[in-house]
Every structure is written in structure tokens, then in C-alpha cells.
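A short write-up of the structure that comes next.
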Number of protein chains: 2
Amino acid sequence: MNIKDLAQHLGLSIGTVSRALNAKPDVNPKTRQRVLDAAVELGYSANTSGRSLRRGSTQTVAFVLETGQADVRGGDNFFMRIIDAMQDALSAQGYDLIILPSNSASDPTEFIKRTIARGIADAIIVTATRAQDSRIELLLKSHMPFLAFGRSQIAGDYAWIDLDFEGFLRQSMQQLVALGHRRIAVTAPPSTSNIGVLLHETYAATCAQLGLDHDPSLVIPAEHSEFGGSAVTQSILAMDDPVTALILNYEMMAFGAYSALRDAGLSPGKDLSIVTLRRSKQLRFLEPAVTACAIDLEGLGTQIARETLRVIRGESPNAALVWPAKLVVSDSIQAPPARA
Amino acid sequence: MNIKDLAQHLGLSIGTVSRALNAKPDVNPKTRQRVLDAAVELGYSANTSGRSLRRGSTQTVAFVLETGQADVRGGDNFFMRIIDAMQDALSAQGYDLIILPSNSASDPTEFIKRTIARGIADAIIVTATRAQDSRIELLLKSHMPFLAFGRSQIAGDYAWIDLDFEGFLRQSMQQLVALGHRRIAVTAPPSTSNIGVLLHETYAATCAQLGLDHDPSLVIPAEHSEFGGSAVTQSILAMDDPVTALILNYEMMAFGAYSALRDAGLSPGKDLSIVTLRRSKQLRFLEPAVTACAIDLEGLGTQIARETLRVIRGESPNAALVWPAKLVVSDSIQAPPARA
DNA sequence: CTAGGTATCGTAAACGTTTACGGAGGTCGG
DNA sequence: CCGACCTCCGTAAACGTTTACGATACCTAG
């Protein structure tokens with residue numbers, strides 16, 4: 001079912017049919033309607049290869065999902081909810097969204113290079129960004145329109161959007177200090193990563209602001225998993241100078257933290273206050289309810305789509321965008337226990 | 001960076017360059033190597049549109065992910081692990097994998113129709129199949145190579161692969177009966193769905209086989225979520241004639257079941273035996289450890305990829321394939337409590 | 001030495017679209 | 001009544017590949 005078949009069936013030339021389908025001006029309204037009717041009747045859709053070859057654009061946005069990342073595997077499908085919203089926003093503008101799984105077996109940078117060269121999409125969205133991210137350097141050098149979901153330390157004029165880790169940590173610490181906590185631990189990725197740096201800086205600044213002693217060793221590296229949560233909790237319980245609150249930068253760690261506390265005969269909230277980054281469906285089954293941020297994932301998805309389209313169209317995009325996270329307090333944070 | 005640029009840079013014609021890149025016979029081994037070296041040096045990859053337009057095939061498999069389904073949202077990224085393995089198996093054969101998110105906003109059948117017409121992939125994999133699935137009818141009618149991940153009641157010659165729900169239920173009931181259970185409940189989707197029908201039939205057959213009274217009302221419809229798990233548990237606890245074991249056909253329901261039992265002052269395993277479909281990472285934090293099936297998701301992914309390639313190549317595929325699920329017994333099933 | 005064969009490469013057509021350009025017919029003002 | 005303009009449509013080139021076919025140079029057997 002080509003455009004040629006469609007044209008023959010209508011007794012028209014393919015040029016006219018194409019113009020009719022693409023709403024070009026110089027075609028008789030009556031014939032245009034005839035063409036449109038025949039198209040839906042015969043189930044014609046323009047062949048993607050032919051169209052994008054001629055147009056030089058694919059009308060497609062590629063979302064590169066690093067499937068090996070812990071953040072993808074855990075959680076209540078964080079990414080799927082974002083992608084759903086992106087899909088809606090993009091298709092409203094005539095764009096398609098495809099997800100490209102980049103697994104750990106292949107080099108992420110090579111994957112991006114190949115994706116650019118193949119010309120499969122008009123823009124690329126990269127996730128799981130790192131501080132020194134060669135994918136971003138590559139995208140900048142190749143002048144490929146792209147958006148980074150997650151910040152990086154690569155200099156240059158490009159758009160990125162990320163969650164408000166800073167606001168999350170600041171709000172958490174404020175709440176905890178208001179309850180009387182003085183020694184607060186927070187998990188972080190290794191300090192070489194950009195999130196790690198950000199959390200360290202924010203921790204120091206907030207300590208100063210709230211009048212806490214700043215002990216950098218309380219920013220504790222932890223694996224992004226349930227097991228990371230239990231490991232960091234155990235290490236905290238073994239400390240000489242007791243910590244009374246723990247802030248987790250990945251929500252699934254809460255499962256590990258709760259179970260480590262129970263194994264030690266302690267109860268979350270009462271013996272150790274727990275805060276985690278994002279409210280997710282699974283967390284609702286933890287008792288007491290865990291204090292976490294409400295993050296509008298659907299809004300985030302549409303925002304990502306919008307920014308990406310602006311990059312494609314060459315409009316000056318919001319170069320840096322921090323997506324708000326609003327802390328919702330529950331019973332997992334309480335006043336610190338009386339000193340033994 | 002066209003093939004033309006590459007050819008000019010090498011002082012060759014584009015025909016020769018193309019033949020060299022595609023390992024065609026009539027090209028000098030020395031020039032071939034020269035071409036390959038220049039290609040990696042200049043970062044050349046064949047433009048997808050041009051190639052697939054000429055070839056008539058895209059060397060791409062599209063995995064249509066129904067992002068609105070509960071099974072996608074829950075779990076420890078069931079699909080991502082499958083997709084990872086598919087990716088490896090497909091790229092080893094020179095194929096690419098793209099994921100097409102089909103969200104609830106659009107009609108799934110229209111989405112498939114458009115995907116076919118656009119000619120974006122050589123084969124389509126559909127998920128979240130239903131008993132009467134118009135997508136499968138459409139794919140059959142259009143002669144598009146496809147594979148259904150999940151069974152359906154649509155007649156026709158097509159390949160599908162699905163988890164072994166039947167074996168799961170049979171193994172679970174055998175174990176439970178061996179422990180002394182006589183009244184066993186099992187959750188199921190509405191009986192109009194194919195899984196619902198399958199579970200009903202298997203339940204009846206296994207009851208007969210094991211000498212249990214067959215009470216069809218013990219196949220209980222339940223929502224595929226944590227809340228579905230707690231709802232069904234509560235309804236069981238309210239029964240006059242007590243049920244001593246509960247089999248959950250979706251793993252995340254275990255969270256709900258455990259918390260409902262705790263709320264009633266009961267303990268899982270001791271007061272009510274619990275079995276669930278799949279071992280997932282999150283479940284490890286439930287106490288006692290929940291009895292569930294080990295399912296080789298990576299193997300499943302490679303199998304899906306293999307079958308899809310066979311469909312594309314017109315080789316007779318394994319039309320129907322049930323992927324094994326092996327029950328791993330833990331402390332969540334125990335002998336039934338003495339009758340009060 | 002020549003005819004035929006082989007190895008290697010260039011040429012050009014084709015895939016399905018879009019779009020600049022031109023042409024035929026009709027309308028209208030002078 | 002005639003030239004100018006507008007409306008509508010067909011023609012053909014172009015996008016980047018692949019591949020059938022032909023061409024050249026070289027080699028070998030007779």
C-alpha cells in the first residue's frame with residue numbers, strides 16, 4: 001500500500017496525493033477530501049523510511065533507557081510513568097516516542113554514537129547521567145539535539161532537567177532539626193558522582209544554616225538497593241556517637257532500613273527517624289508510614305517532552321531545570337529517643 | 001557523514017564502499033579493510049532510513065509495552081530484565097530492539113495498526129494479551145510477523161509464549177496438600193480473561209487429581225496490586241468455612257496479604273499459608289520468606305528474541321511455548337493451624 | 001598471441017516520499 | 001478580445017542506501 005497505489009486508485013498523481021495528505025495549499029479542497037477518505041479507507045500511512053529520508057527528519061524522539069541502572073530496576077516504575085506522560089505530550093505535537101534500551105553489555109557511549117549516526121531520531125534523551133559523561137560530550141560535538149535527564153558536570157550549552165535533590169535534603173534536615181535531631185546521616189552515591197557532590201555540598205550548607213556540627217563522615221556512600229538500605233542502617237547502629245535520623249536518597253532503601261531495624265529489635269520512627277526521596281506505591285506497606293517527597297512524575301514527563309521539542313526547534317530552552325520535590329511528613333520521623 | 005562522503009574520502013565509488021561494508025564477495029580484501037577502518041575512524045553508520053527504504057526491511061524488532069498495565073508498573077522490573085536479554089540476543093543477530101510505549105490514552109489496536117503501516121519494524125511483539133485480542137486479529141490479517149507474549153483465545157497460526165501459570169498452580173496445590181491443606185484459595189483475573197479461564201480449569205483439574213472438594217468460589221477475582229492482595233486476604237479471613245492457604249497470581253499482592261494478616265493479629269505461614277507467582281527482589285524483605293516460583297527471565301528474553309527471529313525468517317516457529325516456573329518452598333507455607 | 005575467464009570496481013536504477021517547478025485551463029480587468 | 005493572473009495538478013529531482021549489471025584490467029590455458 002504505497003502512495004503510488006493510492007494515487008492510481010484515485011486517478012491522481014502521487015505529487016497531488018502527497019500534497020493533499022500534508023495539507024499543502026495548492027490542492028482543491030474537494031480532491032483533498034477525496035484523498036483523505038481513500039487513505040483511511042485503504043488504511044494508508046506514509047512509509048516512515050521514505051518520508052524521513054526525504055524530509056531529513058524522523059519526527060521521533062529517542063529515550064535512551066539505561067536498563068542496567070538500579071534506579072530503573074527498582075521503584076514502582078518511575079520511568080514508565082514519566083514515559084507515559086511524555087508520550088502524550090509528544091504525540092499531541094505529531095512526534096513519536098521510542099525507547100532504546102541500552103544494557104550493560106554494550107558501551108553506553110558507543111550506543112549513543114551509533115544512535116546518532118543511524119539517524120533514527122530527531123532528538124535523544126539520555127538518562128542516568130554521570131559527572132564526567134562522555135555521552136554528553138559526544139552529543140555536544142555532533143550537534144545532535146538532546147536533553148539530559150539528570151545533571152552532569154560537563155560544561156556547554158545544553159538542556160538538562162533533574163529532580164530537586166537539594167530541596168529534598170534541605171527540607172528533610174529542617175524537619176528533623178525542628179523535632180530535635182542533631183546528628184543526621186544521609187546516604188549518597190560515591191562523591192565522584194554529581195549527585196554525590198551535590199549532596200555533600202547541600203549537607204554542609206544546611207548544617208551551617210541550622211547550626212549543626214558538620215561531620216562529613218555522616219554522608220555515607222550506599223548502594224542503590226534494598227540491601228544498601230539495610231547495610232547503611234546496620235553501620236549506623238554500630239556507631240559510637242549515635243545518629244538519630246537517616247535520610248535515604250533512594251526510596252527502595254527504606255525496605256532495607258526498616259528490616260535492619262526490626263532485626264535489631266528497634267522500631268523505625270521511634271528509635272531511628274527515616275526519610276526517603278520519593279513516595280512510591282510499595283512504600284505504603286511500611287509501618288510506620290515513611291516520610292518522603294511527593295514528586296509529580298506526570299508533570300515531569302510533559303516537561304521533558306516540552307523541553308525536548310524546544311531543543312529540536314532551536315528555540316532557546318530552559319537550559320537547567322530542577323523539578324520540585326515536596327516533603328510529606330509521616331510517622332517515620334519523630335523526636336529523637338532520650339539518650340540512653 | 002554519508003556513504004558518499006566516506007567514498008570520496010577513500011577515493012572509491014559508493015557502490016564499492018557499500019559492498020565492502022556489507023561483506024559482499026566481489027571486493028578486494030585490502031580495500032575492504034581500508035573501508036572498514038575509515039568507517040570506524042570517521043564514525044560512519046549507515047543511515048537507517050536509506051537502508052531500510054532500499055532493503056525493504058528495518059532490521060528492527062518493536063516491543064510494544066502496554067505501560068498502563070499493572071504488571072508493568074509493579075514488580076521489580078519484570079520487563080526490563082526480559083528486554084535486556086532480548087537486546088543481547090537480537091543484536092548478536094544484527095537486529096535492533098526498540099520499545100514502543102502504548103499508553104492508556106490511545107486505543108491499543110489503533111496503535112498497532114499505525115505501527116504496522118509505518119513500517120518501522122520487521123516484527124512486533126505484543127504484551128498484555130487478552131482473550132479476545134483485536135490486536136492479534138489485526139496482525140494476522142495484515143501478515144505482519146509478530147509474537148504474542150501472553151496467550152489468547154484467537155484462533156490462527158501464530159507464535160506465542162507465556163509463563164507457566166498452570167504449572168505454578170499445580171505445584172503450589174501439591175505442596176500445600178502434602179502439608180495437610182484441604183481448602184485452598186487462589187486469586188485470578190476476571191474469568192473472561194484467558195488467564196482466568198486457565199486458572200479455573202487448572203484449579204478444578206488439580207482438585208480432582210488431589211482428591212479435594214472443588215469449590216469454584218475459592219477462585220477469587222482480585223486486583224493486580226498490593227491492595228488486591230490485602231482485599232482478598234480480608235475476604236478470606238471473613239469466611240465461615242476457613243481457608244488455610246492462599247495462592248496469589250501476582251507477586252506484589254504478597255505485600256498486601258502480609259499486611260492484612262498482621263493487621264488481624266495473625267502471622268503469615270502459621271495462620272495462613274501464602275504462595276505467590278514469582279520471586280522478586282522486593283519480596284525478600286517479607287518475613288517469613290514467601291514461597292514463590294523461580295522464573296528465568298533472562299532465558300525467557302533470549303527465547304522471545306529467538307522465536308521472533310524465526311517468525312521473521314519464515315522458519316516454522318514454536319507456535320506455542322510455555323515458559324517453566326519452578327516452585328521454591330519457604331516458610332510462608334506450613335501445616336494448617338489446628339481447627340479452633 | 002589470443003580467447004576466455006576471473007577479480008575488482010564503477011554505473012545506475014530502485015525503494016517511498018516530499019517539493020520545487022512548470023504547465024494547462026479558467027477568470028478577470030482593461 | 002487579449003494578456004495577466006490564479007487555481008490546480010503533473011513532472012521530476014532529491015534524500016541515502018543496496019544491488020544487478022557492465023566495464024576494465026589482469027591472468028591463464030591452448
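Order of the sequence lines sets the chain letters (A, B, ...), proteins ahead of strands, with each chain counted from 1. Quantities reported herein were computed from a predicted structural model and do not represent experimental measurements.
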Can you check whether Met86(B) reaches Thr302(B) side chain to side chain, under 4.5 Å on heavy atoms?
-> no
In B/S/- notation, 5' to 3', how is nucleotides 9-16 of chain C contacted by protein heavy atoms closer than 4.0 Å?
-> BBB-BBBB
Respond yes when some side-chain nitrogen or oxygen of Lys24(B) is under 4.0 Å from OP1 or OP2 of dT18(D), and no when none is.
-> no
Contacts table for residues 114-121 of chain B: side-chain donor-acceptor under 3.5 angstrom, sequence neighbours left out:
{"unit_1": "Arg114(B)", "atom_1": "NH1", "unit_2": "Asp96(A)", "atom_2": "OD1", "d": "3.2"}
{"unit_1": "Arg114(B)", "atom_1": "NH2", "unit_2": "Asp96(A)", "atom_2": "OD2", "d": "3.3"}
{"unit_1": "Thr115(B)", "atom_1": "OG1", "unit_2": "Phe111(B)", "atom_2": "O", "d": "2.7"}
{"unit_1": "Arg118(B)", "atom_1": "NH1", "unit_2": "Asp96(A)", "atom_2": "OD2", "d": "2.6"}

Side-chain heavy atoms of Trp160(A) within contact of Thr129(A), under 4.5 Å | no
Can you check the Asn22(A) CG to dA20(C) C1' distance for me, whole Å?
-> 15 Å
Asp88(A) meets the salt bridge (Lys or Arg N to Asp or Glu O under 4.0 Å) criterion, sequence neighbours left out, with none
Under a 4.0 Å N-O cut-off, is there an ion pair linking Glu66(A) with Arg135(A)?
-> yes
Between Asp133(A) and Ser152(A): side-chain donor-acceptor atoms closer than 3.5 Å | no
Hey, is the side chain of Ser18(A) poking within less than 4.0 Å of OP1 or OP2 on dT17(C), counting only N and O atoms?
-> no
d(CG, Leu6(B); C1', dT17(D)) in whole Å = 13 Å
